[in-house]
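Heads up: the structure comes next, in structure tokens.
Just follow the structure's listing: the first ligand is 1, and inside any ligand the first atom is 1. FYI, the numbering just counts along the sequence from 1.
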Amino acid sequence: MNETFDVVVVGGGPAGSTVATVVAKRGHRVLLLEKQAFPRYQIGESLLPSTVHGVCRILGVTDEVAAAGFTVKRGGTFRWGSGREPWQFSFAMSPRLPEPTSTAFQVERARFDDILLRNAARHGVDVRHGCDVRDVVAAEGRVRGVAYTTADGVRRTVHARHVVDAAGNTSRLQGAAGGGRVYSDFFRNLAVFGYFSGGRRLPEPNCGNIFCAAFDAGWLWYIPLRDDLTSVGAVISPEHWSTVRRSPRDAWREMIDACPEVRDLLTDVPTATHAPYDEVRVRRDYSYWTTKFWSPGLVRVGDAACFVDPVLSSGVHLATYGAILAGRSINACLAAELPEDRSLGEFEDRYRREFGQFYEFLISFYDMQRNEQSYFWSAKKITGLDETEAAAFAGLVGGLASGDDAVGTRLSAAAADLSSAVDRLATADDRRNPLYSSRVVAQTFRQGRILPEEAMFGAPLDGTEPALPGGVVLAADGLSWTTC
Ligand SMILES: Cc1cc2nc3c(=O)[nH]c(=O)nc-3n(C[C@H](O)[C@H](O)[C@H](O)COP(=O)(O)OP(=O)(O)OC[C@H]3O[C@@H](n4cnc5c(N)ncnc54)[C@H](O)[C@@H]3O)c2cc1C
């Protein structure tokens with residue numbers, strides 16, 4: 001059997017189901033090949049408002065996600081920086097008054113991803129589970145399809161005008177068509193994580209927040225998923241690898257015991273004993289980007305393209321934002337509205353920019369712990385940023401960084417700006433969140449604020465100027481690009 005589709009998407013995580021739905025909404029024939037049977041476990045449970053109020057609305061799943069009963073998240077609570085007292089990173093412009101689009105959810109990813117994938121199928125995407133994509137099919141300098149094995153072991157080939165690699169961090173296609181991964185040295189951390197059957201909650205109204213607490217060896221996340229389920233993970237340096245490998249569970253408990261703020265929330269709370277939450281899992285080498293986000297016939301989105309450090313909960317946002325961009329660009333190609341290099345160039349520029357914003361913000365965010373002298377935090381000081389990392393960062397974000405030499409200065413200024421905004425939080429009035437008067441915060445979360453506007457009103461409220469000089473603007477239906 002030799003089938004042909006307009007688009008083949010590899011992977012049914014948030015990135016894959018988002019791009020597939022955006023393309024299918026324009027009436028194109030889309031096949032999505034997913035290796036596993038859904039629902040399946042995945043880490044990445046703390047979402048940002050842009051996913052909930054932007055992406056979910058564009059995809060048409062707002063009501064279903066709202067009805068799923070996920071924990072409402074108003075922001076993040078951090079024991080981080082110079083003071084010992086926790087502070088709130090509220091998504092709302094006012095520190096105390098939430099707006100309708102300034103909340104997100106803490107989700108069990110098995111359920112959330114399943115909602116998005118079933119929605120893709122409802123929009124006409126041909127979703128096939130148990131299909132393991134082995135390689136791309138290429139000819140004459142262009143990717144023209146993929147080779148895969150079905151659940152019953154049959155080898156098949158399918159052709160398409162565009163292939164989307166949304167296979168996540170384990171993608172087999174990462175080297176296809178000239179791509180390659182650049183790993184970050186600065187964020188070369190290790191995560192060890194598991195679950196408790198409950199746990200105390202932060203005081204109202206922030207009881208649904210993610211809590212991130214820095215300690216000597218790194219930092220811990222504490223995510224309230226349900227009354228009887230809490231996700232707890234430690235992010236530590238790779239030097240701990242041999243200890244973690246020997247016994248992930250023992251290492252995980254040891255890290256929790258070393259952080260009093262989290263340990264005290266879990267006193268006398270048993271660990272979870274039911275699948276998939278009964279395991280302690282480990283992930284490493286997860287901060288990277290690929291050198292090319294697209295090449296003729298192939299587009300990379302989500303973790304297949306890039307990911308950086310989980311402390312800001314930006315993974316699903318970046319994955320689904322990249323997928324929306326990719327869907328628009330593919331639609332513009334399929335409708336012959338724009339040539340491929342212009343359309344996918346727009347996708348790559350915007351996506352890299354967004355990834356770069358978070359990358360830059362995260363370096364500054366880690367620098368807030370500058371008083372800590374432990375090995376982990378010493379390696380995370382901007383002053384210690386080595387030349388390779390600074391050059392790689394400048395290469396990643398292009399126009400964002402004004403040259404290799406200026407990167408350190410720029411990041412230090414951003415870190416100081418951020419610290420001073422956090423210091424002002426304690427005395428903030430109800431009207432203006434000082435975090436958003438910080439340049440680095442406002443810029444990093446700007447796109448996340450625009451996405452819900454595009455979803456609700458069809459365009460950003462501050463106009464439809466191209467995001468990039470000489471760029472293109474959103475088509476009237478929000479599903480493609482058009483020239484101004
Ligand atoms: C420690 C850690 C903590 C994190 N915490 C957060 C957080 O709190 N919030 C957040 O937003 N993000 C977080 N993330 C990031 C988040 O997990 C990812 O960014 C997100 O899951 C990316 O979505 P995706 O669709 O690109 O990939 P995935 O969700 O990984 O989906 C990829 C899919 O592709 C399928 N697949 C793989 N190979 C093949 C193949 N060969 N053929 C067919 N199908 C295939 C897989 O089965 C999978 O279903 C965290 C990441 C880490 C490492």
Side-chain angles (χ1 to χ4, degrees), residues 8-20 31-52 55 73 76 104-110 112-114 116-117 120 127-136 146-151 163-174 176 187 189-194 209-212 218-223 225 231-236 281-288 300-323 326 355 358 448:
V8 172
V9 177
V10 184
S17 45
T18 297
V19 66
L31 171 67
L32 187 149
L33 300 170
E34 165 56 52
K35 189 166 67 176
Q36 301 186 55
F38 267 44
R40 59 92 179 89
Y41 174 85
Q42 177 58 291
I43 191 59
E45 295 143 334
S46 198
L47 302 185
L48 293 182
S50 58
T51 305
V52 174
V55 175
K73 169 187 175 187
F105 292 118
Q106 316 283 16
V107 298
E108 288 178 78
R109 284 286 302 276
F112 179 73
D113 292 9
D114 195 45
L116 295 195
L117 192 53
V127 176
R128 297 182 195 167
H129 293 272
C131 293
D132 186 357
V133 173
R134 301 300 180 98
D135 208 348
V136 294
V146 296
Y148 70 101
T149 308
T150 64
V163 170
V164 180
D165 179 8
N169 68 309
T170 58
S171 168
R172 284 216 181 94
L173 311 183
Q174 51 182 280
F187 292 109
N189 296 331
L190 173 67
V192 50
F193 45 96
N209 280 10
I210 183 173
F211 178 40
C212 295
W219 61 271
L220 285 169
W221 77 70
Y222 185 94
I223 302 176
L225 287 173
S231 167
V232 184
V235 173
I236 51 183
R281 297 174 169 90
V282 177
R283 288 275 297 271
R284 56 184 187 146
D285 290 339
Y286 45 73
S287 294
Y288 54 78
R300 296 186 170 90
V301 288
D303 281 10
C306 55
F307 176 68
V308 56
D309 198 86
V311 73
L312 281 183
S313 315
S314 52
V316 174
H317 160 70
L318 285 167
T320 51
Y321 173 64
F355 180 67
F358 275 93

Protein contact to atom 15 (C) of ligand 1 [nearest heavy atom, distance to 0.1 Å]: Phe307 CE1, 3.2 Å
Geometric N/O contact Ser314 with ligand 1, under 3.5 angstrom: no
Region of Arg109 engaging ligand 1 - heavy atom pairs below 4.0 Å: side chain
Element-labelled atoms of ligand 1 that are located less than 4.0 Å from some non-hydrogen atom of Asp132: 40 (C), 41 (N), 42 (N)
Residue, atom name and distance, where the atom is the protein heavy atom closest to atom 35 (C) of ligand 1: Glu34 OE1, 3.3 Å
Heavy-atom nearest neighbour in the protein, as seen from atom 19 (O) of ligand 1, with distance rounded to 0.1 Å: Asp303 OD1, 2.8 Å
Taking atom 13 (C) of ligand 1 as the reference point, the nearest protein heavy atom with its distance: Gly44 CA, 3.2 Å
Proximity to ligand 1 by part of Pro310, non-hydrogen separation under 4.0 Å: side chain
For Gly302, the ligand 1 atoms whose distance to one of its heavy atoms is below 4.0 Å: 26 (O)
Polar atom proximity, Ala191 to ligand 1 (N or O, under 3.5 Å): no
Ligand-side contact atoms (ligand 1) for residue partner Gly11, heavy atom cut-off under 4.0 Å: 33 (C), 34 (O), 35 (C), 44 (N)
Trp221 heavy atom under 4.0 Å from ligand 1: yes
Arg283, any N or O under 3.5 Å of ligand 1 N or O: no
Closest protein heavy atom (residue, atom, distance) for atom 9 (N) of ligand 1: Ser46 O, 2.7 Å
Gln42, any N or O under 3.5 Å of ligand 1 N or O: yes
Part of Ala304 with heavy atoms under 4.0 Å of ligand 1, whether side chain, backbone, both or neither: neither
Side chain, backbone, both or neither: the part of Ala166 lying under 4.0 Å from ligand 1 by heavy atom: backbone
Axial cation check for Tyr41 ring with Arg281, 6.0 Å and 45° limits: yes
Numbered atoms of ligand 1 (with element) below 4.0 Å of Cys131, judged on heavy atoms: 42 (N), 43 (C)
Check: Thr51 main-chain N/O paired with Tyr321 side-chain donor or acceptor under 3.5 Å: no
Under 3.5 Å: N/O of Val301 near N/O of ligand 1: no
Interfacing atoms of ligand 1 (cut-off 4.0 Å, heavy-atom, Val10): 42 (N), 43 (C)
Aromatic plane relationship, Tyr222 with Phe211 - under 30° parallel, 30 to 60° tilted, over 60° perpendicular: perpendicular
Ligand 1-proximal atoms of Leu33, by part, heavy-atom distance under 4.0 Å: backbone
Contact (N/O only, under 3.5 Å) between Ala319 and ligand 1: no
Nearest protein heavy atom with distance in Å, relative to atom 11 (O) of ligand 1: Val316 N, 2.8 Å
Per-atom contacts of ligand 1 with Glu45, taking only distances under 4.0 Å to non-hydrogen atoms: 7 (C), 8 (O)
Distance from atom 37 (C) of ligand 1 to nearest protein heavy atom, with residue and atom: Ala167 O, 3.2 Å
Polar contact flag for Arg40 and ligand 1 (N/O pairs, less than 3.5 Å): yes
Passing candidate, side-chain contact (heavy atoms from CB on, under 4.5 Å) with Arg109, options Ile43, Val316, Asp114: Val316
Ile43, any N or O under 3.5 Å of ligand 1 N or O: yes
Identity and distance of the protein heavy atom lying nearest atom 27 (O) of ligand 1: Gly168 CA, 3.6 Å
